Amino acid sequence: MSNILAVVEQRDGAIRGVGREVVSAAAAAAQSLGGQAHALVVGGSAPGDAGTLGTFGAEVVKVAAHERLASYAPESYARVVAEVVSAGGYAAVFFGATAQGLSLIHISEPTRPY
């Protein structure tokens with residue numbers, strides 16, 4: 001099975017709109033691969049609306065909440081994402097096309113010559 005992880009952004013204790021879009025895109029891709037979409041929310045606390053991600057196609061919602069994650073720090077967030085990806089064996093990881101999403105991609109991707 002080819003499960004896909006959607007990294008979901010939150011702000012002020014609520015899921016950002018782009019997070020729901022990322023979950024929907026991951027769900028569509030996972031379905032075409034015969035897998036599931038899983039959502040990962042990282043932050044200082046669990047957002048109150050994390051449970052709503054199932055309506056956008058997330059079969060599993062994971063929350064990494066810790067006071068040290070209350071303020072966005074690319075290295076800390078990337079470490080959490082990497083640990084979840086490693087443990088889950090995901091076929092792909094979807095991020096939002098936002099400053100946060102792009103910084104996470106950049107910090108976690110090895111340098112490649114283009």
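FYI, side chains are in, hydrogens and waters are out, and symmetry mates aren't considered; it's all heavy atoms of this structure. Please read all numbers here as calculations on a predicted model, not as lab measurements.
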One should read off an interatomic distance between His38 NE2 and Leu5 CG, to the nearest 0.5 angstrom, of 8.5 Å
By ring pair (Phe, Tyr, Trp, His ring centres under 6.0 Å), which residues pair with Tyr77, not counting sequence neighbours?
-> Tyr72
Rounded to the nearest 0.5 Å, what's the gap from CD on Gln10 to CG on Asp49? Could you check?
-> 8.5 Å
Distance from Ile4 atom CD1 to Gln31 atom CD, nearest 0.5 Å?
-> 11.0 Å
What distance separates Glu59 CD from Leu53 CG, expressed to the nearest 0.5 Å?
-> 12.0 Å
Judged by atom type as modelled, is there a donor-acceptor pair below 3.5 Å linking the side chain of Thr55 to the main-chain atoms of Thr52?
-> yes
Minimal non-hydrogen separation, Gly19 against Ile15, with atom names | CA-CG2, 4.4 Å
Rounded to the nearest 0.5 Å, what's the gap from CG on Leu69 to CZ on Arg79? Could you check?
-> 9.5 Å
Search all heavy atoms of Ala58 against all heavy atoms of Ala39 and return the closest pair with its distance.
-> CB-CB, 4.0 Å
Could you tell me whether a side-chain N or O of Ser24 sits under 3.5 Å from a main-chain N or O of Arg20, the two making a donor and an acceptor?
-> yes
Set of ring pair (Phe, Tyr, Trp, His ring centres under 6.0 Å) partners for Phe94, sequence neighbours left out | none
Partners meeting side chain to side chain donor-acceptor pair (under 3.5 Å) with Arg16 (sequence neighbours left out) = Glu9
Do Val63 and Tyr90 sit in the same hydrophobic cluster, where Ile, Leu, Val, Met, Phe, Trp and Tyr count as joined when their side-chain heavy atoms come under 4.5 Å apart?
-> no
For Ser2 and Ala91, the nearest pair of non-hydrogen atoms, with its separation, is CB-CB, 3.9 Å
When every non-hydrogen atom of Ala37 is compared with those of Ala30, the smallest separation belongs to N-CB, 3.8 Å
Would you mind reporting whether Leu40 and Val42 have side-chain heavy atoms less than 4.5 Å apart?
-> yes
Linked, directly or transitively: Val7 and Val85 (ILVMFWY side chains, under 4.5 Å) | yes
Full working for side chain to side chain contact (heavy atoms under 4.5 Å, CB included) between Val22 and Val8 | CA-CA 7 Å; Val22 170; Val8 178; 5.6 Å; no
